Structures are given as structure tokens and as C-alpha cells.
Amino acid sequence: MAGFTTLYSGSSGNCAVVEENGAYLLVDMGKSCRQTLAALKQVGLEPDGLQGILVTHEHSDHISGLSVFLKKYPVPVYAYGESLHFLRRQGFVPETVPCIDVRNKSLHVGDFWVESFETSHDSLACCGYRIVTHTQKTVALATDLGYVSPEVLANLYCADVVALESNYDPYLLMSGKYPAALKYRILSNSGHLSNEDCAKTVVKLMENGCEKIVLCHLSKENNEPELALGSVHLELQNRGLSVPEQTVLRAASRFEPDEWLTI
């Protein structure tokens, strides 16, 4: 039996888990080693079950815990080459830890099969992941992207669980305290995904049979879970639809682990 959860998800740090039979992968580690280990313990996982860390990109809310964690637990790190060069150069990944470039590759990571896909974000490189377990359960994750490209959408389709960014409410963003330059960076096609754009994609996925959807990377300053979820319900209402009875739709917690989604 496979499972998915987030240990924490938001502008202050991001980390997701895909697990099956005690073996698991982490996607990003944006908080300290201590906080991440405590969260793993909270969801019933030990470090010795970790088979690899998939990194989406090099921004601090996705890599802050790596350097200390990898000194204690030197598991392989996977990312696009530009991100790996940065992580090595800045000391986030020790020289003794294997680094594997995932761009344009399908590869085994421990007991899992992993493919990456490019996302539009203002980093050196950024990607989402499609992870398939030994029992052929699929998790697709895209958490930093200014828009949903055809490539991204194709990789989200037919997944058992989709974790998709729903970063900001446009009104809260534009009326908030962020400097203008930062606001327009977030709004851009290389920034973050709004609630409305996320909702449009989520409804497409629901219409195509996706039954487990997690809204991720909600901004503490510019969003609320109720607003993100409400955008999905409004998009459904506008199309004359409702959430299918068997569908699980939730917003990931910013600061603590969520309950496991069993796949």
C-alpha cells in the first residue's frame, strides 16, 4: 500500500513524501534537518527508509535543510543539472553524496520510478515530478510555476494523487505589503500559480478521473486554505459541476504534516 503526504508546504518551506511499504522519497527539504526529522517521526517514518531526495529547484524554501541532513544521511540527490551545480557549489550537498541529473530521463530511484517535467519559475532550473511506486501507483507534483503548460498538464493527468500549487489570491497579493516588483514577479509566467489558475487545472483533472488532489505551497501572506479550496468549488459551480463523492480535495498544512493519503 502506498501513501502521500506533505511534511510542510508553503512559502516558509516545502517537503513532500511518497511512501510504499516503509520505503520513501522526499521532494524538497525547505526547513531544517531537525524540523524535517521531527515531521518524519510524526508521520511514522525513519530516516533509514529514505531512498532519495528529489529537488525541484534551488530556492531556499525548498533546500534549506539539505546540508545538515545529508551529512547525517547521505542519500542520493536528484534534480536538474543547473540546480545540482548550485547545490554543490554552495555546500548544500557534500561531495560524497551522489547527484543525479533527471532532465529528460526516466529512472529508478530505489523502489520508485521517477520522471521529471519542466515548470516555469524564475530559478536556475525548475521541475515537477511524476513518481510511480512498485505497485504502479502514481503521484504527480508541481509546486512552483507561473502557469500550467501543456507539458505540465500532460504529466498531471492520470495520476492517483496530484499535488499542485495554489499560491496566492490576487486581491490579497495586490492589496498586501509586498513591494511592487515582488508582486509582479509572483504574478508573472515565471512566478507562482494563482488560486484561479490552479482551480481551472484541478477541475480538468477531476473531469478526467483524478480522485485525490492536494493544493500546495499556499502563501502565508497572500492566501488562505478557504480561499484556495473555494476557488475550486467556484470553478466547479461555474461549469455546473460538483466535487465527485469519492474525491479527496484538501489544502496542505503550511507548518505541520498532513494525514496520509492512501493510494
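As the structure is a computational prediction, the values presented were derived from the model and not from experiment.
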[X] side-chain N/O to [Y] backbone N/O, donor-acceptor pair under 3.5 Å:
| X | Y | answer |
| --- | --- | --- |
| Ser231 | Ala199 | no |
| Ser9 | His217 | yes |
| Asp101 | Gly81 | yes |
| Ser83 | Ala79 | no |
| Asp160 | Ile263 | no |
| Glu20 | His134 | yes |
| Ser194 | Asp197 | yes |
| Arg88 | Pro94 | yes |

* Any salt bridge between Lys177 and Glu221, counting N to O under 4.0 Å? ->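 No.
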
When you compare the side chain of [Y] with that of [X], does any pair of heavy atoms fall below 4.5 Å?
| X | Y | answer |
| --- | --- | --- |
| Met174 | Leu187 | yes |
| Leu236 | Ser242 | no |
| Val18 | Tyr24 | no |

* Asked: Which word best sums up how the rings of His62 and His57 line up, parallel for under 30°, tilted for 30 to 60°, or perpendicular for over 60°?
  ->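 His62 and His57: tilted rings.
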
* To do: Please work out which of the three classes, parallel, tilted or perpendicular, describes the rings of Trp113 and His108, given edges at 30° and 60°.
  =>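 Judged by the thresholds at 30° and 60°, the geometry between His108 and Trp113 is perpendicular.
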
* To do: May I ask you to check whether Ser219 and Asn167 show a side-chain donor-acceptor distance below 3.5 Å?
  =>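 Note: Ser219 and Asn167 side chains miss the donor-acceptor criterion.
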
* Do Ser116 and Tyr78 have side-chain N/O donor and acceptor atoms under 3.5 Å apart? ->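 Result is no, nothing qualifies.
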
* **Criterion side chain to side chain contact (heavy atoms under 4.5 Å, CB included) against Tyr129, the qualifying member of Leu54, Asn155, Leu25** =>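 Running side chain to side chain contact (heavy atoms under 4.5 Å, CB included) over Leu54, Asn155, Leu25 with Tyr129 returns exactly one hit, Leu54.
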
* Determine, stepwise, if the pair Thr5 / Asp258 fulfils side chain to side chain donor-acceptor pair (under 3.5 Å). => CA-CA 6 Å; Thr5 192; Asp258 282 321; 5.3 Å; no

* Heavy-atom closest contact (Leu156 atom, Ala140 atom, distance) ->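 Scanning both residues completely, I find the closest heavy atoms to be CD2-CB, 3.9 Å.
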
* **Shortest non-hydrogen contact between Gly30 and Ser64, atoms and distance** =>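 Closest pair (atom of Gly30, atom of Ser64, distance): O-CB, 3.5 Å.
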
* Do Lys31's NZ or CZ and the ring of Tyr8 fall within the cation-pi criteria of under 6.0 Å and 45°? ->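 Cation-pi check for Lys31 and Tyr8: passes.
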
